[in-house]
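Below, all heavy atoms of this structure are taken into account, side chains as well, without hydrogens, waters or symmetry copies. Each chain gets a letter, A, B and so on, in the order the sequences are listed, and its residues count up from 1.
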2 protein chains.
Amino acid sequence: MTIKVLLVDDERLIRAGLAAIINAEDDLAVVGEASDGAEVPGAVSRLRPDVILMDVRMPRLDGIQATRRILDTVPEPPRIIVVTTFENDEYVYDALKAGANGFLLKRTRPEEILQAVRMVAHGDTLLFPAAIRALAASHGPAGDAPGSAPWHGRLTEREADVLRLVAKGHSNAEIAQELFVSPQTVKTHVGNVLGKLQARDRTQAVILAYETGFITPG
Amino acid sequence: MTIKVLLVDDERLIRAGLAAIINAEDDLAVVGEASDGAEVPGAVSRLRPDVILMDVRMPRLDGIQATRRILDTVPEPPRIIVVTTFENDEYVYDALKAGANGFLLKRTRPEEILQAVRMVAHGDTLLFPAAIRALAASHGPAGDAPGSAPWHGRLTEREADVLRLVAKGHSNAEIAQELFVSPQTVKTHVGNVLGKLQARDRTQAVILAYETGFITPG
DNA sequence: CGGCCCCTCCCCCTCGCGGGGGAGGGGCGC
DNA sequence: GCGCCCCTCCCCCGCGAGGGGGAGGGGCCG
């Protein structure tokens, strides 16, 4: 019994990427795509997917509203995994409250995406540790969760210092001078920051810093 | 909180023109004028401007020396934008080396001047002296005005496409796939973008994209 | 027509970045 | 005392990023 997946994302390339990953698996199949939340109810009743991978941020009807609508109207609704580019995305939190079964970051490794789809299809609620900690750290009532969280609230002071300077466009060498430490130390801190933010490089770290409000434009 | 601007130029008409442009803005205000670099330190301590627009070429104490003097003597010195008539003005580079935060050509369009003032007032990551010098050195005298603000309006469509994807955290290879061109082409575009934005690397380009409103968080 | 810009793609090269290890000292809580 | 985290610094290594060139085709415009 193959798991039927519906992709909902306004970016065609994202859909294409997910489809490629999913269709390469024997037990998974993409049965349809939608570029807008408004198309989802129709697609669901027509295609009867088991799992929906849905972007939170879309024009017209966003992922949260689409999730609510499906869960409210469809009997035996499919599992919904909310997909987002950035962790600590308010919309993700809202989507989970609306009844989504889990969420994924777009930069998540393919294997993990596949695993996530299978898990929710089998009835498991999916929440990756990193994602849970990110949410707990950012939205929890100041409670320090067991284990450190991969978000800037859980960055050490030094790491936050480094991230701020990275987000000013400074190189590792420049940061080293500014903090009066060796470039090696800066590299260590930057590496830790990237790991905690699940960013691939400093550019993505800067984007996250802006998107999460760690820093603000002007 | 309005941004307080001090004008320093030996030509009264230039000062008047700048004042007219700046005072027309709600968030900007000219708090004083000086016709000579020698008057600047006193004006700074008296008026506490956020930004100084300073001509490089002035009788008695020129803009470079005035810049040095302020940065050496004033605690929490204001941001200094060096103003010049000529592109590739040697004095400009000296001023930047002396610690000025950016420079403008007098013929720059008013909107760009305003934007530049706001940008430097916001933080120290806006104009990158090293990159400016590199640009001027490579582009040569026939190049387009190096003093003009880093304007995405000047980017070609393709370059803007590339910048948008860079600002999503994508690598050159990923962008190449997304735009169906070769990685080499992407490198060319990215290089052009960096040059036009006066950014040293893609990280700085992303910062500028956020700070100028080319892209917005959320 | 001849320039000029834009887009495309190629070569070379250097170097900073990030990943993989590890190591030592200081502070804090158990 | 011991463990744990943080900060500091070191090694090696591969790779992508940028800078320096150049080149060809298409479109637009004087």
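- For the pair A/T185 and D/dC9, the criterion of a side-chain N or O lying under 4.0 Å from OP1 or OP2 is met.
- When the P atom of D/dC6 is taken as reference, atom CD of A/E159 falls 7 Å away, rounded to whole Å.
- Counting only heavy atoms from C-beta on, A/V190 has its side chain closest to C/dG18 among D/dC7, D/dG18, C/dG18.
- Minimum atom distance to the side chain of A/T188 is reached by D/dT8, of the listed C/dG18, D/dT8, C/dT8.
- A donor-acceptor distance shorter than 3.5 angstrom exists from the side chain of A/Q204 to the backbone of B/G169, with no hydrogens or angles considered.
- Listed candidates were C/dG18, D/dG19, C/dC9. Nearest to the side chain of A/N172 is C/dG18.
- Distances shown here put every side-chain N or O of A/H189 at or beyond 4.0 Å from the OP1 or OP2 atom of D/dC6.
- Closest contact between the side chain of A/R158 and the listed nucleotides C/dC9, D/dT8, D/dC11 involves D/dT8.
- Taking side-chain N and O atoms only, B/S182 has a distance below 4.0 Å to OP1 or OP2 of C/dC9.
- Separating the CG atom of B/L194 from the P atom of D/dG16 is a distance of 18 Å, rounded to the nearest angstrom.
- Between the NZ atom of B/K187 and the C1' atom of C/dT14 there is a distance of 11 Å, given to the nearest Å.
- Under 4.0 Å is where a charged nitrogen must lie from a carboxylate oxygen, and between B/R118 and B/D27 at least one such pair does.
- The side chain of B/V181 sits closest to C/dC9 out of C/dC9, D/dC9, D/dC7.
- Side-chain proximity of B/R202 to C/dC10, C/dT8, D/dA17: nearest is D/dA17.
- Distance from the side chain of A/S171 is smallest for C/dC17 among the nucleotides C/dC10, C/dC6, C/dC17.
- For B/T156, the listed nucleotide lying nearest its side chain is C/dC6; candidates were D/dC7, D/dG18, C/dC6.
- For the pair A/I175 CD1 and C/dG18 P, the interatomic distance rounds to 10 Å; values are reported in whole Å.
- With A/E25 contributing its side chain and A/I22 its backbone, the two residues share no donor-acceptor pair below 3.5 Å.
- The side chain of B/D201 approaches D/dG18 more closely than any other nucleotide in the set D/dG18, D/dC7, C/dC10.
- B/E157 places its CD atom 14 Å from the C1' atom of D/dG27, with the value rounded to the nearest Å.
- B/N192 has its CG atom 10 Å from the C1' atom of C/dC7, to the nearest Å.
- The residues A/E174 and A/K168 are annotated as not salt-bridged, no charged nitrogen and carboxylate oxygen being separated by less than 4.0 angstrom.
- Put simply, the side chain of B/L6 reaches to within 4.5 Å of the side chain of B/V8, judged on heavy atoms.
- Atom P of nucleotide C/dA23 and atom CD of A/Q184 are separated by 16 Å, given to the nearest angstrom.
- Atom P of nucleotide C/dT8 and atom CG of B/L179 are separated by 8 Å, given to the nearest angstrom.
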